[in-house]
Amino acid sequence: MTADDRYIRAAIDLAYKNVDAGGRPFGSVVVRNGQIVSEAANESHLCGDPTAHAEFLAVKRAGIALGTRDLSDCVVYASGQPCPFCMATMSLYGIRKTFYGYTREEWRKVTVPLDYAPVDAQVLSPGDDAPLYAYWKQQQDAG
């Protein structure tokens, strides 16, 4: 069994435990230099938070544990194919590689896909030439 096999198995084991606890079948581990630095299972059933995805929580916890948001030397292992939200989270933390055990298509065979409502996003300019961002940049340069 390779190291990758052990890490994907750890993520899948978390998912099984989560199912036994009444949750969804999603688990994730973050690995750095051959060590698991964080792990999580989907916690939406515990807190009602639809963003409490396993990968999101594991990545967030890795950043906290390591004291950095630069996780470019980490790899994420997930029981299921990460959703766009979790992929974006990985990208924001600099993670460039992930492995997953089961595909989205396999998930869709056993569940009803969520019907995502379109979001109408429009700019509503405050009419002040965006001084908020200039203010932030000024503070960064002064700090």
Side-chain angles (χ1 to χ4, degrees), residues 1-126 130-143:
M1 178 181 278
T2 69
D4 287 333
D5 293 331
R6 283 193 304 276
Y7 301 136
I8 198 68
R9 188 79 247 163
I12 292 169
D13 288 347
L14 285 168
Y16 272 106
K17 288 176 187 169
N18 204 46
V19 168
D20 290 342
R24 299 182 83 153
F26 300 107
S28 182
V29 298
V30 178
V31 175
R32 179 183 189 205
N33 298 328
Q35 298 293 318
I36 294 176
V37 295
S38 69
E39 60 182 37
N42 183 293
E43 295 181 5
S44 295
H45 67 293
L46 299 176
C47 59
D49 179 354
T51 68
H53 293 195
E55 301 89 338
F56 170 77
L57 294 173
V59 169
K60 179 180 174 181
R61 291 172 184 164
I64 292 168
L66 298 172
T68 181
R69 58 177 274 186
D70 179 6
L71 302 181
S72 58
D73 57 350
C74 293
V75 178
V76 173
Y77 295 81
S79 60
Q81 185 174 354
C83 71
F85 166 69
C86 291
M87 293 296 285
T89 299
M90 289 182 231
S91 179
L92 287 170
Y93 277 86
I95 294 169
R96 298 290 174 249
K97 191 167 197 172
T98 185
F99 294 96
Y100 55 90
Y102 300 98
T103 67
R104 225 175 267 129
E105 289 73 24
E106 290 170 292
W107 174 241
R108 287 186 186 125
K109 288 179 184 177
V110 298
T111 189
V112 176
L114 292 175
D115 185 19
Y116 294 105
V119 176
D120 182 13
Q122 300 177 26
V123 66
L124 183 58
S125 176
L132 174 62
Y133 295 155
Y135 175 76
W136 174 82
K137 177 67 171 139
Q138 181 182 43
Q139 296 302 312
Q140 295 296 306
D141 292 345

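When reading the values below, keep in mind they use all heavy atoms of this one structure, side chains included, and skip hydrogens, waters and symmetry mates. Residue numbers run from 1 in the order of the sequence given.
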**Asked** Considering all heavy atoms of both residues, which atom of Ala58 and which atom of Ser38 are nearest to each other, and what is their separation?
**Response** O-OG, 2.5 Å
**Prompt:** Which pair of non-hydrogen atoms, one from Ala40 and one from Leu57, has the smallest distance, and what is that distance?
**Reply:** CB-CB, 3.7 Å
**Asked** Under the 3.5 angstrom rule, does the side chain of Asp5 hit a backbone N or O of Thr2 as a donor-acceptor pair?
**Response** yes
**Fill in**
Output for pair (Glu106 CD, Thr111 OG1), nearest 0.5 Å, gives 14.0 Å
**Request:** Please report the shortest heavy-atom distance between Leu14 and Ala41, naming the atom on each side.
**Result:** O-CB, 4.1 Å
**Request:** Kindly compute the distance separating CZ (Arg24) from OG (Ser44), expressed to the nearest 0.5 Å.
**Result:** 7.0 Å
**Fill in**
So OG of Ser28 and CD1 of Ile8: to nearest 0.5 Å the spacing works out to 8.5 Å
**Request:** State the CG-CG distance between Asp73 and Leu66, to the nearest 0.5 angstrom.
**Result:** 7.5 Å
**Message:** Does Arg104, at its CZ atom, have more than 12 non-hydrogen atoms belonging to other residues, nucleotides or ligands within less than 6.0 Å?
**Reply:** yes
**Asked** Are a donor atom and an acceptor atom from the side chains of Asp70 and Ser72 found within less than 3.5 Å of each other?
**Response** yes
**Request:** Measure across Pro82 and Met87 and return the closest heavy-atom pair with its distance rounded to 0.1 Å.
**Result:** CB-SD, 3.7 Å
**Request:** Determine, for Asp13 against Arg9, whether the closest basic-nitrogen to carboxylate-oxygen distance falls under 4.0 angstrom.
**Result:** yes
**Prompt:** Any sub-3.5 Å donor-acceptor pair from Gln139's side-chain atoms to Trp136's backbone N or O?
**Reply:** no
**Prompt:** Is there a donor-acceptor pair under 3.5 Å between the side chain of Asn42 and the backbone N or O of Phe26?
**Reply:** no
**Item:** Of all pairs that satisfy ring pair (Phe, Tyr, Trp, His ring centres under 6.0 Å), the ones with a partner from residues 54-81, not counting sequence neighbours
**Value:** Tyr7-Tyr77, Phe56-Phe85, Tyr77-Phe99
**Message:** Testing Val31, Val30, Val29, Leu71 one by one against Val76 for a side-chain contact (heavy atoms from CB on, under 4.5 Å), which residue passes?
**Reply:** Val30
**Item:** Pairwise side chain to side chain donor-acceptor pair (under 3.5 Å) hits with a residue in residues 79-100, at least two apart
**Value:** none
**Asked** Looking at Lys137 and Asp141, does any basic side-chain N land under 4.0 Å from a carboxylate oxygen?
**Response** yes
**Item:** Gln140 atom CD, over 12 foreign heavy atoms within 6.0 Å
**Value:** yes
**Message:** Between Glu43 and Arg61 (salt bridge meaning N to carboxylate O under 4.0 Å), is one present in this structure?
**Reply:** yes
